[in-house]
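Labels below follow one simple rule: chain letters A, B, ... track the order of the sequence lines, proteins then strands, and each chain is numbered from 1.
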Amino acid sequence: MSSVIKIDNVTKIYENGALGLKDFSLDIDKGEFVFIVGQSGSGKSTFMRILLKEIEPTTGDVFIDDTDLSMLKRKKIPYLRRKLGCVFQDFRLLPSKTVYENVAFAMQVVEASNRNIRRSVPQVLALVGLHKKAKSYPDQLSGGEKQRVAIARAIINKPPILLADEPTGNLDPDTAWGIMELLKEINSRGTTVVMATHAKDIVNRMRKRVVHIENGVLISDVAEGGYDDEI
Amino acid sequence: MRFRTLKYHFGQGVRGMAKNGFMSLAAIATVIACSFILILSLCVCMNIDYILKQFEENIGITVFLGPDVSEEMTEDIGNRIKHIDHVTDVVYKSADDNLTSAIESWENASILEGLRDDNPLPSSFEIKLEGAKYQDSVVAELEALQLSIESELNAEPDGTVYLDQNGNQITKEQAAQGNTQAKTEGTQEGTTAAKTAQTTEKPSAPATEVVTSAAQADAAVSAQNKQAEAEPAPPPEISQQSAPNQQPAQSAQPAAAEAPQQETIQTDPNAEAVMPEETKEDVVYSSAPSQDLMNTIMSAVSATAGGGIYYEPSSMSSTDAGVAGTDLYDAKLYGTDGYEYKGIEKIRHATEESHMLVRINTAVRIFSVIIMIILCIISISIIMNTIRLTVVIRKNEINIMKYVGATDWFIRWPFIIEGMLMGFIGSFISTVICFFGYTECLHLLSEKLTVIANIAQFIGPFEIFAYIAPIALLFGVLLGIIGSVSSIRKYLRV
């Protein structure tokens, strides 16, 4: 099996002495849907940030698409991030840009041609069900719609991996489930989805692989598991 | 970078500026203020520099020529002055010109008008320099030129001076004529003497044979004595010294070598003294050795001069020939007041003034550079703070760009363009303001304060702004770029 994400014995201790991760190892295969669960401060965010190379692990190796992150030069980080679509709890949309512009922005950043942008953006907006709101500004959208825009922006460049950090955290259950349906759809098209969450009901309903972290240590890793599953 | 990306950045830059309207205005105002001060100080510094240069140009060097310098020589001297380094202009002023300008500058000009026919003023060269700081080196060169021209005037190109009996310079041809005359006379006498000797002794020896007998020597000497009258060369400056030597030499007494007091010609009597013992032909040609003698004296004199002691031609008049030898050692140094050289009589220069000007100039330059540096530092820190505020507002945008995989330069460009635009607009506005302000100032100065306008010329608005405007615009643009790039640096570290 070709693992798209490989984390090997990673320990992260922050400069102030706080423990992020301890002897953490994890393999994620191409096309998998993985939940990373755990309480706040358990190490979920550390895990995500290490994948994005926002922070460096103290010891251990991280490979994304067979690229050793510790060998990656600073100048190359943008190209790593183009392989990782990101969705955040707070959406992080540009309020001064319309829905269309927010999505197109991600393509302009990677210097795609205008023709390509004009063709791809409506497609993706249609996929997330927002083609009618292309000219709206983020302020005029509901929470769920904002997250859909964020997801559209994350996948527009067709990254092999989609990282979602509590994408349903700010949403009511119904809307959240809509987002999960969308992520499932994206996953079914071949994108590896890694989602950090502590929404028990969603995890239990999805029956996907669940990785449980507590205090920086991997407690359980269950295929088709639930939130409270033990080993 | 692709063109569409550039277009995108440009659009983003313009939009960013428009979006953060108030902040952009603040930044532009900062640039206006900073470049305004920069332009003002540039104007002041450049004008001070310009005025000092005018003063420097007026501090030229004047070279006065001797009264007997020929036209050719004048031209030659002029050319040689022109070839001295850092000399920008050489203007010839004839004696008449100098008198005219003296008359013009004098109030009681009519007194001088009478001098028209018998002009006491010398002709001169007015020399202009690149700057006052070159004065010393040019004066040194001119002094060297003064020396070499003087020695050239004293000597013909082959180093020999031809003089007639009265001490006046004569041409080579004339000297040669005198020589041949002496030669023929001497030959006649010499042959007669030799013939007499031959008749008394054995006639076997040929005329060219080495003469050993006293009679023959005597005859040769008598021939020489007679011929001495026909000798063309009692040179004035040197001949007075050589005259007493030649006499003992001609009388064929080696002891006479002690007679001369002058060291400079001590070697000569020996050369002369052996003469009688040489062939008849040599004796007969004794006018030629006397020419040699003069050369030797000349070289001896010049050797002494080279040794650091200078002889003074004017003191060696024919009346105090005997004293001349001692004067040789007490001779005044070149450049002493009152002494007049033959070619370039005098060099007038204002060393004190030019040194002062150079000092003032250096001080002004250092001062203005320091002011510029301080200004730049202040401007950059002000603009950095202003732009930083606009960047903080867009921190989110930068953050998002980072997450979508934008390169650092992709993020920077819109900010750079924005900074450039703001810098350009700001410095352009203040350049325009300053241009009209400067023009108006010059106008007022020339109208109301004519006193100042008479003393110094200011640089015209177009000339000075042709120079200042690019500097100010570049300064503004750089200010904007540095300000925005340094402001966003912090937020790129994500």
Checked Leu80(A), Leu94(A), Leu84(A) vs chain B; the most non-hydrogen pairs under 4.5 Å come from Leu94(A)
- prompt: Within a strict 4.5 Å, meaning less than it, do heavy atoms of the Phe105(A) and Met401(B) side chains meet?
  reply: yes
All heavy atoms of Val404(B) vs all of Val110(A), minimum pair found to be O-CG1, 4.4 Å
Under 4.5 Å to a heavy atom of chain B? For Leu52(A) that would be side chain
In this structure, CD1 of Ile400(B) is separated from CZ of Phe88(A) (nearest 0.5 Å) by 9.0 Å
Looking at Asp408(B) and Arg74(A), is any side-chain nitrogen of the basic one under 4.0 Å from a carboxylate oxygen of the acidic one?
yes
If one checks every heavy atom of Leu93(A) against chain B at 4.5 Å, the contacting part turns out to be backbone
Smallest heavy-atom separation, Lys402(B) atom then Arg81(A) atom, equals O-CD, 3.4 Å
If one checks every heavy atom of Ala150(A) against chain B at 4.5 Å, the contacting part turns out to be neither
When the 4.5 angstrom heavy-atom criterion is applied to Lys83(A) and chain B, the contacting part is neither
Value for CZ (Arg92(A)) from OH (Tyr403(B)), rounded to nearest 0.5 Å, stands at 5.0 Å
Taking every heavy atom of Thr407(B) against every heavy atom of Tyr79(A), the minimum-distance pair comes out as CG2-OH, 3.4 Å
